[in-house]
Amino acid sequence: EARDVRALLPAPALGEHQHDLPRPGGGRRPPTAARTGHTPVGLPLAGVRVLSFGVGAVIPEATSFLALMGAEVIKVESSNGLDFFRQVGGDATGDINNSATFNQANLGVQSCAVNAASEEGRAVLRTLVATCDIVMENMRGPVMRKFGMDYESVRAVRPDIIYISSQGFGTGPYETFQTYGPSLQSFAGMTSIWAHPDDPYPVGSTLSYPDMLAGKQGLAAVLAALVRRDATGRGCALDCAQFEVCLWSIADKFLQEQLLPGTVRALGNRSLDAAPHGCFPCAGADQWCALSVDDDEAWRRFVELIDDQRLGGARFATAAARVSMADEIDPIVGEWTSRSTPADVVELLRGRGIAASIIVDGASQAADRAMHDSGFYVAIAHPAAGVRWHTGLPFVLDGDRVPVRRAPIIGEHTEHVLLDVLGVSPSDLSHLVASGAVGT
């Protein structure tokens, strides 16, 4: 009997098909309004226009990446509804234009001050939508509907629009809940796994772990939608629930609980498969390294290196035995690591094929000369903040760093958007400003 046997292909190497993909902007996408001198040429997303209703970190980070890759990103904001990042990380005067947090998250974007609570302001937004390729938002569920900027309303104006919503819980029964990264990571169960077995109370974190991952998740979806629209001419709505990023990060724990119910528990930095495994103190104030002895051969080399008789003998011969005696092993390892600097410990371990790394905090990473020499850190002049260091894109294009442009002061590009993009007459612009619909 004849059978249809299809050849199996191997999984791809990293980046193997990168040059086979069409670049957004090079296909059949209908043209948007004419480009202006406010966006760079020669970058892969030149000619793409984005309307952003992003606040905080998630959508702003994604739109900043798009802007630095050449897209014209217009951020809608007003003094009546400030991006809360303008109110944190600022100076003692409370200057909303001098927030290091906001300015890092909004590199390269333009600011258009529109009062979406007014009918005239909403009319401006509807006109602006018709010129855009993408609308991006991470407001609470009802807000965009109140503005008349939900997907169905926007699609009525621009049928091929790409629209991304990024709420904490996505569209559904919890879409009206106001969430932040720390609450999402707790909801998903991440913080309970971060805990140490002897923690006397539930752990938490001020780190918004999901935010940066959710921004990149949304960015990948938007780029894929642009490629699809180049090929088909069709837009789409993207619903990217931020807490799903947390679930993805601990997917192995969900699988473990399904297969081995009751075995998921707080381990701190330890592993179920290897010991020693975790973070260990080194010489110096608050200096640490991470290491993992993954197999029996690595263990033999490790014991030979540290030369401590307490770790010799057959009782440590297997990984399972070592994991079960981690409470005995870890203090001995900590004694050895604490005699040397993190760099020296890591050099010794890596020289013997043992996985190890320095624990790097933000200050030491920012002081890393190699990071500055690589061009990853960029000094940027800002009219309110002065000169500050920022991180640029974490990749290069054709071997070169992408130029980084500063974040906007609030409403800085309102006249450009109204006059140059929408073609509003000076007299009409004056009326809109006087009414409070724009410019505040």
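Side-chain atoms are counted along with the backbone in the values below, which use heavy atoms only and exclude waters and symmetry mates.
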Can you tell me how far apart [atom1] ([X]) and [atom2] ([Y]) are? Round to the nearest 0.5 Å.
| X | Y | atom1 | atom2 | answer |
| --- | --- | --- | --- | --- |
| Ile96 | Ser79 | CD1 | OG | 7.0 Å |
| Asp330 | Cys279 | CG | SG | 10.5 Å |
| Ile306 | Leu311 | CD1 | CG | 4.5 Å |
| His277 | Asp294 | NE2 | CG | 7.0 Å |
| Met149 | Met139 | CE | CE | 12.0 Å |
| Asp308 | Ile332 | CG | CD1 | 5.5 Å |

Self-check item: From CA spacing to verdict: side-chain contact (heavy atoms from CB on, under 4.5 Å), His413, Ile74
Solution: CA-CA 8 Å; His413 302 93; Ile74 300 171; over 6 Å; no
Self-check item: Trace of the side chain to side chain donor-acceptor pair (under 3.5 Å) decision for Ser52 with Glu137
Solution: CA-CA 6 Å; Ser52 171; Glu137 63 93 9; over 6 Å; no
Practice problem: Begin with the C-alpha distance, continue with both residues' side-chain angles, and end with the deciding distance and a verdict on side chain to side chain donor-acceptor pair (under 3.5 Å) for Asn98 and Arg388. | Solution: CA-CA 11 Å; Asn98 187 13; Arg388 284 191 177 137; 2.8 Å; yes
Quiz item: Looking at Leu125, Asn138, Val143, which one forms a side-chain contact (heavy atoms from CB on, under 4.5 Å) with Phe53?
Solution: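 Only one of Leu125, Asn138, Val143 forms a side-chain contact (heavy atoms from CB on, under 4.5 Å) with Phe53, namely Leu125.
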Self-check item: Partner of Pro342 under side-chain contact (heavy atoms from CB on, under 4.5 Å), chosen from Ser364, Cys282, Ser357
Solution: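 Of all the options given, the one that passes is Cys282.
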Heavy-atom side-chain contact between [X] and [Y] under 4.5 Å:
| X | Y | answer |
| --- | --- | --- |
| Ser186 | Thr191 | yes |
| Val417 | Leu128 | yes |
| Val114 | Ser78 | no |
| Trp299 | Val303 | yes |
| Thr63 | Lys75 | no |
| Ile380 | Asn103 | no |
| Val48 | Glu72 | no |
| Val222 | Met136 | yes |

Inspect the contact between [Y] and [X] and indicate whether a charged nitrogen and a carboxylate oxygen are less than 4.0 angstrom apart.
| X | Y | value |
| --- | --- | --- |
| Arg140 | Glu175 | no |
| Glu328 | Arg322 | no |
| Arg155 | Asp150 | no |
| Glu297 | Arg301 | yes |
| Arg369 | Asp373 | yes |
| Arg352 | Glu347 | no |
| Arg339 | Asp344 | no |
| Asp160 | Arg234 | no |

Please give me the minimum heavy-atom distance between [X] and [Y], naming the atom from each residue.
| X | Y | result |
| --- | --- | --- |
| Ala62 | Leu219 | O-CD1, 3.8 Å |
| Glu77 | Ser111 | OE2-OG, 2.6 Å |
| Arg158 | Cys132 | NH1-O, 3.0 Å |
| Ser166 | Ile59 | CB-CD1, 4.0 Å |
| Ser340 | Val345 | CB-CG2, 3.7 Å |
| Leu184 | Pro210 | CB-CG, 4.2 Å |

Quiz item: Between Thr171 and Asp239, is a side chain to side chain donor-acceptor pair (under 3.5 Å) present by the stated rule, with each step listed?
Solution: CA-CA 7 Å; Thr171 301; Asp239 185 8; 3.2 Å; yes
State whether the side chain of [X] and the backbone N or O of [Y] hold a donor-acceptor pair below 3.5 Å, judged by distance alone.
| X | Y | result |
| --- | --- | --- |
| Arg126 | Gly148 | no |
| Ser183 | Thr179 | no |
| Asp199 | His196 | yes |
| Ser249 | Val245 | yes |
| Gln287 | Ala285 | yes |
| Gln104 | Thr391 | yes |
| Thr341 | Ala283 | no |
| Asp133 | Val50 | no |

Exercise. Begin with the C-alpha distance, continue with both residues' side-chain angles, and end with the deciding distance and a verdict on side-chain contact (heavy atoms from CB on, under 4.5 Å) for Ile409 and His382.
Key: CA-CA 9 Å; Ile409 62 175; His382 188 279; 3.7 Å; yes
Quiz item: Are side-chain N/O atoms of Gln256 and Thr263 paired as donor and acceptor at under 3.5 Å?
Solution: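 Gln256 vs Thr263: donor-acceptor pair found between side chains.
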Practice problem: Name all pairs fulfilling the ring pair (Phe, Tyr, Trp, His ring centres under 6.0 Å) condition that reach into residues 241-265, sequence neighbours left out, sorted by first residue then second. | Solution: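 Non-adjacent pairs meeting ring pair (Phe, Tyr, Trp, His ring centres under 6.0 Å): Phe169-Phe243, Phe187-Phe243.
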Give a yes or no on whether [X] atom [atom1] has more than 12 heavy-atom contacts from other residues, nucleotides or ligands under 6.0 Å away.
| X | atom1 | result |
| --- | --- | --- |
| Tyr377 | OH | yes |
| Arg401 | CZ | yes |
| Glu152 | CD | yes |

Practice problem: Please report the C-alpha distance between Leu223 and Leu45 in whole Å, then the side-chain angles of each, then the deciding distance to 0.1 Å, and finally whether the side-chain contact (heavy atoms from CB on, under 4.5 Å) criterion is met. | Solution: CA-CA 10 Å; Leu223 293 175; Leu45 296 183; 4.1 Å; yes
Quiz prompt | Aromatic centroids of Phe84 and Tyr180 separated by under 6.0 Å | solution =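 Close enough - the centres of the two rings lie under 6.0 Å apart.
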Exercise. Apply side chain to side chain donor-acceptor pair (under 3.5 Å) to Glu244 and Gln217, showing your working.
Key: CA-CA 10 Å; Glu244 290 180 354; Gln217 174 204 49; 4.7 Å; no
Practice problem: Using the side-chain contact (heavy atoms from CB on, under 4.5 Å) rule, take Arg265 and Leu272 through it: C-alpha gap first, then chi angles, then the decisive distance, then the call. | Solution: CA-CA 10 Å; Arg265 62 186 186 278; Leu272 293 172; 4.0 Å; yes
